[in-house]
Undergrad: 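Got a structure for you, questions after.
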Amino acid sequence: QVQLVESGGGLAQAGDSLRLSCAASGRTFNNYAMGWFRQAPGKEREFVAAINWSINVTNYAGSVKGRFTISGDNAKNMVYLQMDSLKPEDTAVYYCTIGTTYGSAWSHEYWGQGTQVTVSS
């Protein structure tokens, strides 16, 4: 059974930094990507960032580019999201996801339970 466990969420003030971590376990992953989505109250879940291990490429949503950095450890199936210069609009539940890659595309096969990030002004 695949399990994704996120950690690192919490309360922050505007301008602060937080670092999220996600560990995947339960099977061997090959040709995969890991990433982060977020969902704010009353809004749809949206893409934040991803790292495609198959082609060694990272992608970011425009709203976080330049402020957030995704990194990870391929061998350990770990992914991190360093969030700097946080804004109140970054407040959301952040979800980690992992899935098989198909070139530059990838599926979001498994999801974590989510971790709350709250940024006050």
Side-chain angles (χ1 to χ4, degrees):
Q1 181 178 356
V2 175
Q3 188 174 20
L4 296 175
V5 178
E6 302 119 329
S7 61
L11 299 175
Q13 292 189 328
D16 285 351
S17 298
L18 285 174
R19 186 178 190 238
L20 306 183
S21 299
C22 175
S25 62
R27 57 166 272 195
T28 299
F29 296 96
N30 295 301
N31 298 319
Y32 71 99
M34 294 184 74
W36 295 90
F37 282 67
R38 67 186 181 186
Q39 188 167 19
K43 295 187 177 181
E44 293 186 354
R45 190 173 296 188
E46 64 175 5
F47 170 76
V48 176
I51 183 164
N52 185 326
W53 294 117
S54 297
I55 57 176
N56 200 27
V57 169
T58 57
N59 288 292
Y60 297 90
S63 59
V64 307
K65 191 174 293 185
R67 299 188 299 119
F68 291 10
T69 303
I70 190 168
S71 62
D73 187 329
N74 189 6
K76 296 181 179 179
N77 297 330
M78 296 265 324
V79 68
Y80 309 98
L81 186 67
Q82 177 67 39
M83 305 185 294
D84 298 321
S85 302
L86 283 164
K87 303 176 180 180
E89 50 263 44
D90 294 320
T91 296
V93 177
Y94 284 71
Y95 296 92
C96 176
T97 179
I98 188 170
T100 303
T101 56
Y102 305 93
S104 59
W106 60 295
S107 63
H108 313 129
E109 296 171 41
Y110 304 99
W111 294 84
Q113 79 287 355
T115 184
Q116 177 70 48
V117 171
T118 302
V119 184
S120 61
S121 59

Undergrad: Assigning hydrophobic clusters by single linkage (Ile, Leu, Val, Met, Phe, Trp, Tyr; side-chain heavy-atom cutoff under 4.5 Å), is Trp111 placed with Met78?
TA: no
Undergrad: In terms of hydrophobic clusters joined by side-chain contacts under 4.5 Å, are Tyr60 and Tyr95 together?
TA: no
Undergrad: Which pairs, with at least one residue in residues 39-58 and sequence neighbours excluded, count as a salt bridge (charged side-chain N to carboxylate O under 4.0 Å, His left out)?
TA: Arg38-Glu46
Undergrad: Identify the two heavy atoms, one from Ala14 and one from Ser121, that lie closest to each other, and give their separation to 0.1 Å.
TA: CB-CA, 4.3 Å
Undergrad: Determine which pairs satisfy salt bridge (charged side-chain N to carboxylate O under 4.0 Å, His left out) with at least one residue from residues 104-121, sequence neighbours left out, and list them in order.
TA: Arg27-Glu109
Undergrad: Applying side chain to side chain donor-acceptor pair (under 3.5 Å) as the test, list every pair that has at least one member in residues 1-20; sequence neighbours left out.
TA: Glu6-Gln113, Ser17-Asp84
Undergrad: Minimum heavy-atom separation for Ala92 and Ala40, please, with both atom names.
TA: CB-N, 3.8 Å
Undergrad: Consider only side-chain heavy atoms of I, L, V, M, F, W and Y, link residues closer than 4.5 Å, and tell whether Val79 and Val5 are in one cluster.
TA: no
Undergrad: Got Ser104 and Ile55 here, is their nearest side-chain heavy-atom distance under 4.5 Å?
TA: yes
Undergrad: Using atom types as modelled and distance alone, determine if a side-chain donor or acceptor of Ser21 lies under 3.5 Å from a backbone N or O of Tyr80.
TA: no
Undergrad: For Thr101 and Ala33, which heavy atoms make the closest approach, and how far apart are they?
TA: CG2-N, 3.5 Å
Undergrad: Is there a continuous path of hydrophobic side-chain contacts, each under 4.5 Å between heavy atoms, that joins Trp106 to Ile70?
TA: no
Undergrad: Should the pair Tyr32 and Phe29 be assigned to parallel (<30°), tilted (30 to 60°) or perpendicular (>60°) ring geometry?
TA: tilted
Undergrad: Between Asn52 and Gly103, is there a donor-acceptor pair closer than 3.5 Å when you use the side chain of the first and the backbone of the second?
TA: yes
Undergrad: Just wondering, do Ile51 and Trp36 contact through their side chains at under 4.5 Å, heavy atoms?
TA: no
Undergrad: Which atom names give the shortest non-hydrogen contact between Leu81 and Ala49, and what distance separates them?
TA: CD1-CB, 4.1 Å
Undergrad: Report the residues that fulfil side chain to side chain contact (heavy atoms under 4.5 Å, CB included) with Phe47, sequence neighbours left out, ordered by chain and then residue number.
TA: Phe37, Ala50, Asn59, Ala61
Undergrad: If you look only at pairs with a residue in residues 110-121, which of them pass as a salt bridge (charged side-chain N to carboxylate O under 4.0 Å, His left out), with sequence neighbours excluded?
TA: none
Undergrad: Taking side chain to side chain contact (heavy atoms under 4.5 Å, CB included) as the criterion, tell me which of Thr118, Leu86, Thr115, Val119 meets it with Leu18.
TA: Leu86
Undergrad: Are Trp53 and Leu4 connected, step by step, through hydrophobic side chains (Ile, Leu, Val, Met, Phe, Trp, Tyr) whose heavy atoms are closer than 4.5 Å?
TA: yes
Undergrad: Nearest 0.5 Å, what's the CG-OG1 distance between Asn30 and Thr100?
TA: 9.0 Å
Undergrad: Going from CE on Met83 to OG1 on Thr69, what distance comes out if it is rounded to the nearest 0.5 angstrom?
TA: 11.0 Å
Undergrad: I need the full list of salt bridge (charged side-chain N to carboxylate O under 4.0 Å, His left out) pairs touching residues 60-80, with sequence neighbours left out, sorted by first then second residue.
TA: Arg67-Asp90
